[in-house]
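Remarks on the structure that follows.
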There are 2 protein chains.
Amino acid sequence: MLSDRQQLILNAIVDNYIHTAEPVGSRTISKREDIGFSSATIRNEMSDLEELGYLEQPHTSAGRVPSTKGYRFYVDNLIQPHLLNEEDLVKLKQLFAEQIFHAEQVVEYTAQILTQLTNYTAIVLGPEIFEHKLRNVQIVPLNEAQAVAIVVTHTGRVENKLIDLPEGIGASEIEQLVNLLNHRLADVPLWQLRQRLYQEISGEMKRHTEQYEEMLQILDQSLIQEETERVCLRGATKILNQPEFRDVDKVKDILELLEQNDQLLHLLGGQANGLTVRIGQENQLDAIKQCSIITTSYSLGGKPVGMVGILGPTRMEYGRVITVLNHLTEGLSRMLTSQFEK
Amino acid sequence: MLSDRQQLILNAIVDNYIHTAEPVGSRTISKREDIGFSSATIRNEMSDLEELGYLEQPHTSAGRVPSTKGYRFYVDNLIQPHLLNEEDLVKLKQLFAEQIFHAEQVVEYTAQILTQLTNYTAIVLGPEIFEHKLRNVQIVPLNEAQAVAIVVTHTGRVENKLIDLPEGIGASEIEQLVNLLNHRLADVPLWQLRQRLYQEISGEMKRHTEQYEEMLQILDQSLIQEETERVCLRGATKILNQPEFRDVDKVKDILELLEQNDQLLHLLGGQANGLTVRIGQENQLDAIKQCSIITTSYSLGGKPVGMVGILGPTRMEYGRVITVLNHLTEGLSRMLTSQFEK
DNA sequence: GTTAGCACTCCTAGCCAGCGAGTGCTAAAT
DNA sequence: ATTTAGCACTCGCTGGCTAGGAGTGCTAAC
């Protein structure tokens with residue numbers, strides 16, 4: 001375990017490096033107000049900290065830079081609570097005041113605000129589909145062969161899908177089918193839909209229509225669960241502001257990664273609920289081994305339904321970002337819950 | 001006007017620069033098979049071409065680089081038809097073979113293929129909403145205060161919007177309203193909807209319901225035209241592969257511009273139909289004065305309904321990109337027309 | 001245990017010379 | 001009158017060299 005003084009010094013170094021992006025020398029630390037030791041003492045401690053793996057030296061005659069292990073200790077033990085300024089709080093309040101809630105819009109708006117507040121890249125994953133319950137199904141024929149199937153959830157989310165109509169299906173039969181669906185499947189969670197469809201509807205349908213097979217075919221097409229979640233990325237170019245990413249080769253891989261929507265989910269990294277920090281080397285993907293990601297989840301009525309994440313350099317302002325994220329997810333959860341649980 | 005030999009040389013220089021990204025010297029040109037003159041002769045011609053504004057010299061003892069004027073002449077007069085290789089043609093055919101057509105998907109798929117084929121950034125603007133006719137309207141109540149309004153067009157596109165319900169509106173009244181709408185407004189182009197609403201429906205509605213004002217309020221909310229067009233960007237990071245954009249400062253502005261969805265429309269630059277090339281300085285936006293954009297439109301039944309654009313360095317392979325775009329828009333138009341005009 | 005002092009390391013900026021690609025001009029060749 | 005060979009000149013780029021400075025590690029004194 002690190003001594004109190006070692007912790008004090010490690011904290012000072014990480015702090016300094018986060019704000020300057022320059023290797024930190026012993027004299028810089030000894031000049032700080034909260035440190036009462038000479039540079040020589042600091043040097044000895046720094047040497048020890050390096051040996052323990054908390055610091056690294058770019059080259060012999062340079063200052064020290066925190067290692068992944070150093071950041072990890074900083075995040076786990078040293079971070080001090082950060083107070084948001086008035087301006088930032090106002091922006092967050094505005095977000096939560098958005099009474100006109102619409103899943104897609106809130107996701108984008110949230111990502112926008114997050115990237116503004118933090119100056120890092122924001123990734124927001126919308127409320128997950130399998131928590132949604134069916135409100136209403138519509139099937140709108142376009143011509144003889146095609147129709148649009150529309151599924152509305154109790155949260156107001158709308159999914160739609162183009163489907164092929166089997167030959168010889170009339171408008172009245174479709175209408176009948178839709179009525180049956182709405183009658184029987186209302187309030188069924190989306191992920192249970194297909195299962196319930198076969199359980200409850202098929203018997204009834206056999207009685208009502210001769211074209212049982214064709215109908216089932218329509219339904220099967222209509223209710224295929226959307227694979228792509230609603231994930232939204234904002235502020236990808238923020239990384240270009242960081243001095244350690246002045247090199248095109250270094251950012252190229254990162255930006256290419258962020259271009260792939262399906263990779264964004266991997267970045268958020270599964271349904272961990274609560275706040276998670278992944279620092280530098282701790283990340284799976286090579287492209288972002290020089291970055292840190294802070295993720296957290298927000299919930300509806302106690303159950304986590306979505307995630308938000310902030311991607312920045314390892315030299316990220318962890319304290320501030322964590323505070324912002326906590327404020328945000330708290331507000332978001334409160335808002336979601338009050339809106340849909342009544 | 002330029003002499004034949006001047007044109008030959010300008011063509012050779014642009015050609016060479018496009019492929020090497022290095023200033024072109026007189027000896028390089030004189031060595032080309034299609035040129036039968038010594039380097040000295042080339043030097044004299046180059047000097048003339050520079051004086052006329054077609055070439056520029058980064059510094060005294062460097063080769064020449066085409067100016068915007070030079071590229072312009074090249075594009076307008078010198079470009080040679082480019083043949084696509086088998087592989088590329090197959091990819092394009094695959095796109096057109098997509099029978100399962102869905103506006104949103106085709107836009108994304110098209111952008112993806114374009115960026116793959118050209119290795120530049122692709123921007124695709126989906127079929128414009130005002131060409132779409134109303135097929136069906138639905139209003140699905142979520143709770144006492146809110147509902148989702150859904151508009152389906154004859155092309156199978158689905159727009160949805162969360163609306164607030166006035167107090168005291170019952171489900172039966174909404175149903176009545178929806179029936180009336182579908183009966184009266186089917187096949188009306190979306191952009192005429194509100195106008196026709198007031199013309200045709202209001203009289204009838206006064207008769208049928210006492211809550212005329214409230215109903216109108218619902219409709220007004222439901223039919224607000226979506227401001228954001230379906231625009232899709234792919235391959236933004238391709239620019240990072242270009243040697244002239246190895247500098248973070250140079251790409252930062254470009255990437256930040258591409259992050260803003262509303263700016264993408266400006267890039268495509270209005271409803272010019274037919275193929276347009278905007279080269280370097282000719283671009284309005286400062287951020288892309290070092291880039292060129294080639295745009296063109298595709299059509300449904302003769303009327304242009306969408307656009308595609310390719311963004312690359314001024315040193316772009318104009319011939320190849322133009323060929324790809326022509327193939328694409330031709331196929332896309334044919335596909336759209338055959339699908340919806342029957 | 002702490003700190004002042006000092007030799008040492010190593011990066012960085014600046015300077016300079018040499019190289020080479022390329023030009024422009026002139027004079028000879030066609 | 002063109003075209004071309006020849007040559008001097010320009011200028012960016014590379015590599016080697018040096019001086020400066022920030023920072024370290026060690027030792028010895030406090």
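Numbers restart at 1 for each chain; the letters A, B, ... are given by sequence-line order, proteins then strands.
With sequence neighbours excluded, the residues forming a salt bridge (Lys or Arg N to Asp or Glu O under 4.0 Å) with Arg315(B) are Glu244(B), listed by chain and number.
A side-chain donor-acceptor contact under 3.5 Å links Asn283(A) to the backbone of Cys291(A). The backbone N or O of Asp262(B) lies less than 3.5 Å from no partner atom in the side chain of His266(B), so there is not a single donor-acceptor pair.
Using modelled atom types, one finds a donor on one side chain and an acceptor on the other under 3.5 Å when comparing Thr237(A) with Glu259(B).
Remark: of the listed residues Asn119(B), Thr121(B), Thr118(B), Asn119(B) is the sole one forming a side chain to side chain donor-acceptor pair (under 3.5 Å) with Lys238(B).
Annotation: the span from Arg234(B) atom CZ to Thr115(B) atom OG1 amounts to 9.5 Å, rounded to 0.5 Å.
The CD atom of Gln57(B) sits 8 Å away from the C1' atom of dG22(C) (whole-angstrom rounding). Whole-Å rounding puts the Asp48(A) CG to dG1(C) C1' distance at 13 Å. The separation between Glu22(B) atom CD and dA21(C) atom C1' is 11 Å, rounded to whole Å.
DNA chain D lies under 4.0 Å from at least one heavy atom of each of the following residues of residues 26-46 of chain B: Phe37(B), Ser38(B), Ala40(B), Thr41(B), Arg43(B), Asn44(B).
Bracketed by its first and final contacts, the part of DNA chain D lying under 4.0 Å from non-hydrogen atoms of chain B reaches from dT3(D) to dG12(D) in 5' to 3' order.
Ala12(B) approaches Ile35(B) most closely through the heavy-atom pair CB-CD1, 4.2 Å.
The aromatic rings of Tyr17(B) and Tyr71(B) sit tilted relative to each other, their planes meeting at an angle between 30° and 60°.
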